[in-house]
Amino acid sequence: MNLLLFIGTLYAIEPKEIIESAVERQQIENSIQTIRMTLVSKSGATKSRMFTMKLRRDSDALRSYTRFSEPSDIRGTQIVFIDRPNKKDPQLIYLPALKRVQRIVGRAQNGSFMGSDFSFADLEQSLSGEETHTLEHEDAEWWTIRSTDPNHKNYLYWSTKISKKDQIPYQVDYYAKNNTLLKRLTVENTREQDGRVIPIKTRMENHKKGTQTILEITEIRLNVPPEELPLDMFSPAYMEEND
């Protein structure tokens with residue numbers, strides 16, 4: 001490809017294509033991860049939680065199964081996401097105290113994920129298909145893209161800063177309906193493993209509450225065989241049977 005054609009190809013990249021590529025890079029398929037979640041209060045006090053997340057990619061969906069192991073008051077809590085592009089998919093939670101599976105719907109989806117600064121909706125990895133994406137800024141190293149979704153309950157829009165080097169979104173600013181900065185997500189550390197860049201430490205700052213949540217992957221296995229991630233793991237029956 002000659003230089004002029006190459007430059008023309010670069011400028012032909014649409015913001016939607018950049019965002020879709022970044023979302024794909026975030027999806028760590030067929031993996032088992034151990035994650036430490038640290039909740040930081042406004043005063044600086046911390047609480048730590050541990051969970052294991054298992055992800056399986058099939059042609060139609062990215063499925064995730066999460067089980068909390070610490071602390072004791074939430075041990076055995078299980079969460080299942082089934083994430084398909086352009087679809088509203090089930091989010092399920094099993095609470096040991098209730099001994100049953102509940103669907104996470106409506107306002108609950110925009111509520112706090114296990115007391116953290118992430119909402120359940122924040123953890124969805126696919127796009128809804130209703131978003132509009134606009135290039136806000138571009139330089140030699142970064143794209144910054146503004147995304148809006150008219151149906152989103154929490155955010156007026158969000159602005160994503162994506163590295164041109166590895167297509168990883170290193171910062172996302174979420175703006176409330178009154179156009180003030182509500183939350184900021186920052187990737188603070190990455191690791192290269194099996195030929196891909198993996199964000200291993202991520203911080204969500206809540207500018208309204210003054211709180212923070214840090215997610216840190218302490219262990220990760222990639223390319224896990226499908227037989228270790230059976231489809232029935234992502235079902236209400238499995239959650240109830242594995243209390």
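The model shown is predicted, which means the values in this text are computed figures rather than measured ones. Just so you know, these numbers use all the heavy atoms, side chains as well, and skip hydrogens, waters and symmetry mates.
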| task | Return yes when atom NZ of Lys153 has more than 12 non-hydrogen atoms of other residues, nucleotides or ligands closer than 6.0 Å, and no otherwise. | result | no
| For residues Tyr94 and Glu240, is any side-chain donor paired with an opposing acceptor at under 3.5 Å? | no
| request: Check the side chains of Thr211 and Asp117 for a donor-acceptor pair under 3.5 angstrom, ignoring hydrogens and angles. | output: yes
| Heavy-atom side-chain contact between Gln102 and Arg100 under 4.5 Å | yes
| 4.5 Å side-chain heavy-atom contact, Val172 and Ser159 | no
| task | Looking only at non-hydrogen atoms, find the nearest pair between Asn242 and Arg67 and report the distance. | result | O-NH1, 2.5 Å
| query | Does the Arg57 side chain pair with the main chain of Asn30, one donor and one acceptor, at a distance under 3.5 Å? | reply | no
| field | Phe120-Tyr65 co-clustered via ILVMFWY side chain contacts under 4.5 Å | value | no
| Flag if over 12 foreign heavy atoms under 6.0 Å of NZ, Lys209 | no
| said: With a 4.5 Å cut-off on side-chain heavy atoms, are Thr202 and Ile214 touching? | reply: no
| Going by an N to O cut-off under 4.0 Å, is there a salt bridge joining Arg56 and Asp58? | yes
| To the nearest 0.5 Å, how far apart are CG in Leu215 and CZ in Arg49? | 12.0 Å
| task | Group every Ile, Leu, Val, Met, Phe, Trp and Tyr by side-chain heavy-atom contacts under 4.5 Å, then state whether Ile200 and Phe51 land in the same group. | result | yes
| said: Could you check whether Lys54 pairs with Glu228 (Lys NZ or Arg NE/NH1/NH2 to Asp/Glu carboxylate O, under 4.0 Å)? | reply: no
| request: Taking the six-membered ring for Trp and the single ring otherwise, decide whether the centroids of His137 and Trp143 are under 6.0 Å apart. | output: no
| task | Indicate, with yes or no, if the rings of Phe234 and Phe81 have centres closer together than 6.0 Å. | result | no
| note | Heavy atoms of Gln212 and Arg203 approach each other most closely as OE1-NH1, 2.6 Å
| field | Nearest-0.5 Å distance that lies between atom CZ in Phe113 and atom CD1 in Ile104 | value | 8.5 Å
| Beyond-backbone contact of Arg191 with Val197, side-chain heavy atoms, under 4.5 angstrom | no
| Beyond-backbone contact of Met50 with Thr218, side-chain heavy atoms, under 4.5 angstrom | yes
| said: Go through it in stages, so that I can follow the logic: the residues are Arg146 and Thr160, the test is side-chain contact (heavy atoms from CB on, under 4.5 Å), and I'd like the CA-CA distance, side-chain angles, deciding distance and then a yes or no. | reply: CA-CA 6 Å; Arg146 177 185 291 205; Thr160 308; over 6 Å; no
| Below 4.0 angstrom, N of the basic side chain to O of the carboxylate: do Glu205 and Arg184 qualify? | no
| request: State plainly whether one hydrophobic cluster holds both Leu185 and Leu181, where clusters connect Ile, Leu, Val, Met, Phe, Trp and Tyr through side-chain heavy atoms under 4.5 angstrom apart. | output: no
| request: For Gln167 and Lys164, indicate whether the former's side chain and the latter's backbone hold a donor-acceptor pair under 3.5 Å. | output: yes
| remark: Output for pair (Thr52 OG1, Gln33 CD), nearest 0.5 Å, gives 9.5 Å
| request: Could you pull out the closest heavy-atom pair between Ile145 and Pro15, with the gap in Å? | output: CD1-O, 3.6 Å
| Polar contact flag, side-chain donor to acceptor under 3.5 angstrom, Ser163-Glu141 | no
| task | Could you grab the distance from atom CD1 of Ile74 to atom CZ of Phe68, nearest 0.5 Å is fine? | result | 5.0 Å
| said: Regarding Lys183 and Asp173, does a basic nitrogen lie under 4.0 Å from an acidic carboxylate oxygen? | reply: no
| said: If hydrophobic clusters are built by linking Ile, Leu, Val, Met, Phe, Trp and Tyr wherever their side-chain heavy atoms come under 4.5 Å apart, do Tyr238 and Leu229 end up in the same one? | reply: no
| task | Measure the shortest side-chain to side-chain distance between Lys161 and Trp142 over non-hydrogen atoms and say whether it is less than 4.5 angstrom. | result | yes
| query | Any side-chain donor paired with an acceptor under 3.5 Å for Arg103 and Gln91? | reply | no
| task | For the pair Tyr174 and Tyr155, name the ring-plane relationship: parallel under 30°, tilted 30 to 60°, perpendicular over 60°. | result | tilted
| said: Assigning hydrophobic clusters by single linkage (Ile, Leu, Val, Met, Phe, Trp, Tyr; side-chain heavy-atom cutoff under 4.5 Å), is Val80 placed with Val101? | reply: yes
| Polar contact flag, side-chain donor to acceptor under 3.5 angstrom, Thr186-Glu188 | no
| query | Would you say the side chain of Leu156 lies within less than 4.5 Å of the side chain of Thr148, judging by non-hydrogen atoms? | reply | no
| remark: When rounded to the nearest 0.5 Å, the distance separating CG of Leu182 from CH2 of Trp158 is 13.0 Å
| message | My understanding is that only one of His133, His152, Glu131 makes a side-chain hydrogen bond (donor to acceptor under 3.5 Å, both in side chains) with Ser147; could you say which? | response | His133
Do any side-chain atoms of residues 35-45 form donor-acceptor pairs under 3.5 angstrom with protein atoms, and if so which ones, sequence neighbours left out?
from  : atom 1 : to    : atom 2 : distance (Å)
Ser41 : OG     : Ser43 : N      : 3.4
Ser41 : OG     : Ser43 : OG     : 3.0
Ser41 : OG     : Gly44 : N      : 3.4
Ser41 : OG     : Ala45 : N      : 3.0
Ser41 : OG     : Ala45 : O      : 3.4

| With a 4.5 Å heavy-atom cut-off, do Asn189 and Pro199 have their side chains touching? | no
| said: Testing the basics here: between Asp232 and Ser235, what is the closest heavy-atom pair and its distance to 0.1 Å? | reply: O-OG, 2.6 Å
| field | Shortest non-hydrogen separation from Ser31 to Val224 and the atoms involved | value | CA-CG2, 3.8 Å
| query | Just by distance, with hydrogens left out, do Ser119 and Asp122 show a side-chain donor and acceptor under 3.5 Å apart? | reply | yes
| Gln193/Leu222 under side-chain contact (heavy atoms from CB on, under 4.5 Å): CA gap, chis, key distance, verdict | CA-CA 8 Å; Gln193 184 171 329; Leu222 301 179; 3.9 Å; yes
| query | Taking atom CD1 of Ile198 and atom CD of Glu192, what is their separation to the nearest 0.5 Å? | reply | 9.0 Å
| task | Determine the minimum heavy-atom distance between Ala22 and Ile162, stating which atoms define it. | result | CB-CD1, 3.9 Å
